[in-house]
Amino acid sequence: LGGPHPEPRTALPEGARARADVGRPGAVGRRDRGLRAGYAVDRAARNTVTFDGQGQPRDVQFSKGSPYYQKQLENEHRYSVKKAKALLKKAGVAEGTEIQLWAMPVQRPYNPNAKLMAEMLQSDWAKIGINAKIMTYEWGEYIKRSKGGENGAMLIGWSGDNGDPD
């Protein structure tokens, strides 16, 4: 990672890069359960470790400069282990639930070290009683298997030069 980056990078919420179902091992779906686990994601730590503190942690996918920015969603998913635990309990997710967490085998501007990111997520989720087993595949296989719905949670992303989600 080295020195300063030419442009500030943004540490996107994992919900923008991950699909997760923490209720059924290996399953995809139930986005709401994944968002509950998202409260336990320490985005400030992601920025410090993954982006050398050069990023801008936030809770929404698009930055304030984007026409797709939604101000009403800002701060909606602030870090709170207590809230994550309560929401998961209310949703019927048992402590000790096991899921697969797929780490990309490639480096990307939005995630320069997916293995480290997965390890950090694994640690965060352990605090709320979710045991994540980190897995990876060769990039083509990773995409193929994820399209087939084999993953429980996965790191994936998108980069664009103009902020247009299409």
Residues K115, T136; criterion side-chain contact (heavy atoms from CB on, under 4.5 Å); working and verdict: CA-CA 9 Å; K115 183 177 186 292; T136 194; over 6 Å; no

Does the side-chain contact (heavy atoms from CB on, under 4.5 Å) test come out yes or no for M104 and W139, once each step is laid out? CA-CA 7 Å; M104 300 183 317; W139 185 236; 3.9 Å; yes

Start with the C-alpha distance between I143 and I156, add both sets of side-chain angles, then the distance that settles side-chain contact (heavy atoms from CB on, under 4.5 Å), and finish with yes or no. CA-CA 9 Å; I143 297 300; I156 193 75; 3.8 Å; yes

Distance check, rounded to the nearest 0.5 Å: [X] atom [atom1] versus [Y] atom [atom2]?
| X | Y | atom1 | atom2 | value |
| --- | --- | --- | --- | --- |
| L155 | N111 | CG | CG | 6.0 Å |
| Q122 | I134 | CD | CD1 | 3.5 Å |
| W125 | L88 | CH2 | CG | 10.0 Å |
| M135 | E150 | CE | CD | 8.5 Å |
| Q107 | N113 | CD | CG | 7.5 Å |
| M117 | R46 | CE | CZ | 6.0 Å |

Taking all heavy atoms of [X] and all of [Y], pick out the closest pair and write down the distance.
| X | Y | result |
| --- | --- | --- |
| A114 | A103 | O-CB, 3.8 Å |
| M154 | L101 | N-CD1, 4.5 Å |
| A84 | Y39 | CB-CB, 3.7 Å |
| I99 | A153 | CD1-CB, 4.1 Å |
| F51 | Y110 | CZ-O, 3.3 Å |

Result of checking V41, L116, I130 against L121 for side chain to side chain contact (heavy atoms under 4.5 Å, CB included):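 The residue from V41, L116, I130 that satisfies side chain to side chain contact (heavy atoms under 4.5 Å, CB included) with L121 turns out to be V41.
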
Determine yes or no for a side-chain-to-main-chain donor-acceptor pair under 3.5 angstrom, with [X] supplying the side chain and [Y] the backbone.
| X | Y | answer |
| --- | --- | --- |
| T48 | A44 | yes |
| E138 | G140 | yes |
| S123 | E119 | no |

Any ion pair linking D42 and K127 (charged N to carboxylate O, less than 4.0 Å)?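 Judged by the 4.0 Å cut-off on N to carboxylate O distance, K127 and D42 do not form a salt bridge.
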
Determine, step by step, whether Y142 and V106 satisfy the side-chain contact (heavy atoms from CB on, under 4.5 Å) criterion, reporting the C-alpha distance in whole Å, the side-chain angles of both residues, the deciding distance to 0.1 Å, and the verdict. CA-CA 10 Å; Y142 186 91; V106 295; over 6 Å; no

Could you walk me through whether Q100 and W102 pass the side chain to side chain donor-acceptor pair (under 3.5 Å) test, one step at a time? CA-CA 6 Å; Q100 294 177 3; W102 288 17; 3.0 Å; yes

Any chance the side chains of Y137 and R145 put a donor and an acceptor closer than 3.5 Å?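 Y137 vs R145: donor-acceptor pair found between side chains.
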
